[in-house]
Amino acid sequence: MRECSVLIIGGGLAGMSAAYHLTKAGVRDVVVVERMSGDAYGHYHRTCGEAISERALRESGAPRDCIVRDVRGIRISNGGVDIDIPVKGHIIDRERLLEDLRKGTDAVVVRDSIIAVYRTPEGFRAVSGREEYHCRHLVGADGVFSVVRKAFFGYGPQVRFAAVNNIVEGDSDTDVLRFEISSKYPGAYRWDFPSKDGRRSIGYENGMDDVSPVVEKGIRFIAAGREGPVTNGRCCIIGDAALLPNPLCYGGIGVALQSGRRAAECIANDDLRPYERWLQKNIMFDPHFLKALETYRGFTEEEMADAMKPFRNGYSVPRGAYAILRRPKWANVYMAVWVAFGRGW
């Protein structure tokens with residue numbers, strides 16, 4: 001049996017962000033349990049779009065040596081019409097960021113797989129196939145299929161799908177994140193991001209496309225649509241476990257890092273209520289994004305093309321206002337896309 005003050009289940013970006021900020025806040029006796037190690041861990045984190053907004057990275061308080069290239073814009077394309085949205089962000093080396101977070105914490109990282117969690121009079125008990133962990137504070141950073149969320153929160157995602165990400169050889173000399181929307185990708189999109197080492201990252205929902213040849217390919221589940229609280233006494237869920245990725249742009253890196261920091265700072269004060277309030281008040285987690293997704297999913301090819309028409313000569317705020325005035329039934333989609341792609345990644 002291992003005793004600790006804080007047990008973090010999951011050693012990805014959310015969990016390591018929490019560990020990093022707990023150390024900065026002076027909290028000791030922290031244990032991180034992560035089921036993957038070695039190349040399996042590296043492969044999972046390499047095969048990712050690796051894009052994060054400047055705002056999210058700044059507010060996360062994470063180390064910045066992981067930045068490999070700056071992002072200056074997002075391009076959304078359909079049928080020859082492009083919408084260019086000016087943004088500030090970065091492509092990061094996710095493995096490097098995880099390494100830097102780990103170096104910045106004195107938490108003990110243990111390779112193990114938690115299969116059940118329970119409440120005890122003193123706090124919580126987590127059980128693996130070979131060991132028990134007892135803690136005062138419990139942090140669920142254990143991803144889409146979170147054991148902690150299932151045990152103490154009882155809700156699942158409103159949106160979930162398997163995404164394929166391909167790392168390919170090719171010219172990545174660009175500072176634009178590219179998204180293609182069409183009836184081929186209903187309710188989703190195909191992305192094409194610059195990557196590191198002269199490569200690109202191309203992804204889509206599993207079964208909707210194919211890319212070859214590839215340097216490396218990974219499949220992961222993306223989930224969004226939180227329906228309940230993220231705190232329960234001295235227990236909380238963060239990142240993918242809390243279903244925090246935006247349901248329109250599916251950006252998960254920024255919210256993972258930020259939620260880890262917010263939860264850690266609240267644990268240091270022995271009060272998780274401010275973390276819950278942060279989520280409730282933050283526009284990134286507004287339920288209107290899900291409503292916009294429902295509208296977008298129902299678009300026919302003709303409706304999608306018509307929605308793009310106001311921007312055939314480029315994006316601007318006046319054109320956005322014109323689009324809303326002339327197509328009010330899609331106003332929620334226009335506004336949600338602007339906020340999600342501008343802030344939610």
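Side-chain atoms are counted along with the backbone in the values below, which use heavy atoms only and exclude waters and symmetry mates.
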Query raised in the report: Is there a salt bridge (Lys or Arg N to Asp or Glu O under 4.0 Å) between Arg136 and Asp270 once you walk through the steps?
Result: CA-CA 10 Å; Arg136 176 177 171 83; Asp270 198 21; 3.2 Å; yes
Are [X] and [Y] side-chain neighbours, meaning at least one heavy-atom pair lies under 4.5 Å?
| X | Y | value |
| --- | --- | --- |
| Lys196 | Arg96 | no |
| Glu227 | Gln158 | yes |
| Arg200 | Asp192 | yes |
| Pro63 | Asp65 | no |
| Cys235 | Phe153 | yes |
| Cys266 | Arg273 | no |
| Val108 | Val30 | no |

Report task. Report the C-alpha separation of Tyr44 and Arg94 in whole Å, then their side-chain angles, then the decisive distance to 0.1 Å, and conclude whether the side chain to side chain contact (heavy atoms under 4.5 Å, CB included) test is met. Result -> CA-CA 10 Å; Tyr44 181 82; Arg94 184 163 165 161; 4.2 Å; yes
Distance (rounded to the nearest 0.5 Å) between [X] [atom1] and [Y] [atom2]:
| X | Y | atom1 | atom2 | answer |
| --- | --- | --- | --- | --- |
| Phe311 | Ile83 | CZ | CD1 | 5.0 Å |
| Ser128 | Asp112 | OG | CG | 3.5 Å |
| Asp209 | Glu180 | CG | CD | 8.0 Å |
| Cys48 | Phe193 | SG | CZ | 9.0 Å |
| Leu138 | Ile9 | CG | CD1 | 5.0 Å |
| Tyr20 | Leu97 | OH | CG | 9.5 Å |

Donor-acceptor side-chain pairing of [X] and [Y] below 3.5 angstrom:
| X | Y | answer |
| --- | --- | --- |
| Arg261 | Ser17 | no |
| Thr47 | Asn165 | no |
| Arg125 | His134 | no |
| Tyr204 | Asn166 | yes |
| Asn78 | Ser182 | no |

Do side-chain atoms of [X] reach the backbone of [Y] as a donor and acceptor pair under 3.5 angstrom?
| X | Y | result |
| --- | --- | --- |
| His43 | Lys217 | yes |
| Glu132 | Val127 | no |
| Asn246 | Gly251 | no |
| Thr105 | Leu101 | no |
| Tyr296 | Ala188 | yes |

Among the clusters formed by ILVMFWY side chains lying less than 4.5 Å apart, do [X] and [Y] turn up in the same one?
| X | Y | result |
| --- | --- | --- |
| Tyr185 | Ile202 | yes |
| Tyr118 | Val33 | no |
| Phe285 | Ile253 | yes |
| Tyr41 | Val144 | no |
| Ile283 | Val333 | yes |

Report task. Give the ring-plane orientation class for Tyr189 versus Trp191, where under 30° counts as parallel, over 60° as perpendicular and anything between as tilted. Result ->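 Tyr189 and Trp191: perpendicular rings.
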Query - Sole residue of Ile52, Ile91, Asp175 in side chain to side chain contact (heavy atoms under 4.5 Å, CB included) with Val71 - result: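 When side chain to side chain contact (heavy atoms under 4.5 Å, CB included) is applied between Val71 and each of Ile52, Ile91, Asp175, only Ile91 qualifies.
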Requested in this report: Please test Glu265 against His21 for side chain to side chain donor-acceptor pair (under 3.5 Å), starting from the C-alpha separation and ending with a verdict.
Outcome: CA-CA 7 Å; Glu265 291 171 346; His21 287 288; 4.8 Å; no
Requested in this report: For this output row, return yes or no: ring centroids of Trp330 and Phe299 closer than 6.0 angstrom.
Outcome: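 Yes, the ring centres sit under 6.0 Å apart.
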Report task. Determine, using ring centers only, whether Phe221 and Phe145 are less than 6.0 Å apart. Result ->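 Centroid separation for Phe145 and Phe221: below 6.0 Å.
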Query raised in the report: Under the side chain to side chain contact (heavy atoms under 4.5 Å, CB included) criterion, do Ile267 and Val6 qualify, and how do the steps go?
Result: CA-CA 9 Å; Ile267 289 170; Val6 183; 3.9 Å; yes
Query raised in the report: Going through the distances and angles, do Val159 and Arg297 end up as a side chain to side chain contact (heavy atoms under 4.5 Å, CB included)?
Result: CA-CA 12 Å; Val159 179; Arg297 279 176 164 172; 3.7 Å; yes
Report task. Go through the steps for Ser37 and Arg111 under the test side chain to side chain donor-acceptor pair (under 3.5 Å), then give the verdict. Result -> CA-CA 7 Å; Ser37 64; Arg111 185 188 178 189; 3.2 Å; yes
Requested in this report: Look at Asp39 together with Arg46 and state whether they make a salt bridge at an N to O cut-off of under 4.0 Å.
Outcome: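 Salt bridge present between Asp39 and Arg46.
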Requested in this report: Show your working on side chain to side chain contact (heavy atoms under 4.5 Å, CB included) between Val109 and Arg102 and close with a plain yes or no.
Outcome: CA-CA 9 Å; Val109 181; Arg102 184 172 293 201; 3.6 Å; yes
Query - Arg119 to Phe152, cation-pi by 6.0 Å centre distance and 45° axis angle - result: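 Yes, Arg119 and Phe152 form such a contact.
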Query - Lys NZ or Arg CZ of Arg75 over Phe179 ring: under 6.0 Å, within 45° - result: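 No - Arg75 does not lie over the ring of Phe179 by the 6.0 Å and 45° rule.
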Query raised in the report: salt bridge (Lys or Arg N to Asp or Glu O under 4.0 Å) between Asp29 and Arg2: does it pass, once the steps are laid out?
Result: CA-CA 11 Å; Asp29 197 18; Arg2 183 189 290 261; over 6 Å; no
Report task. Applying side chain to side chain donor-acceptor pair (under 3.5 Å), run through Glu276 and Thr231 and close with a yes or a no. Result -> CA-CA 6 Å; Glu276 187 81 62; Thr231 61; 2.7 Å; yes
Query raised in the report: Checking salt bridge (Lys or Arg N to Asp or Glu O under 4.0 Å) for the pair Glu54/Arg64: CA distance, chi angles, key distance, verdict?
Result: CA-CA 10 Å; Glu54 165 57 28; Arg64 300 177 66 92; 2.8 Å; yes
Requested in this report: From the options Lys329, Arg312, Arg327, select the one residue that forms a salt bridge (charged side-chain N to carboxylate O under 4.0 Å, His left out) with Asp306.
Outcome: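 The residue from Lys329, Arg312, Arg327 that satisfies salt bridge (charged side-chain N to carboxylate O under 4.0 Å, His left out) with Asp306 turns out to be Arg327.
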Report task. Run the numbers on Tyr250 and Phe161 for ring-ring contact (aromatic ring centres under 6.0 Å, His included), then give the verdict. Result -> CA-CA 11 Å; Tyr250 299 115; Phe161 64 91; 5.0 Å; yes
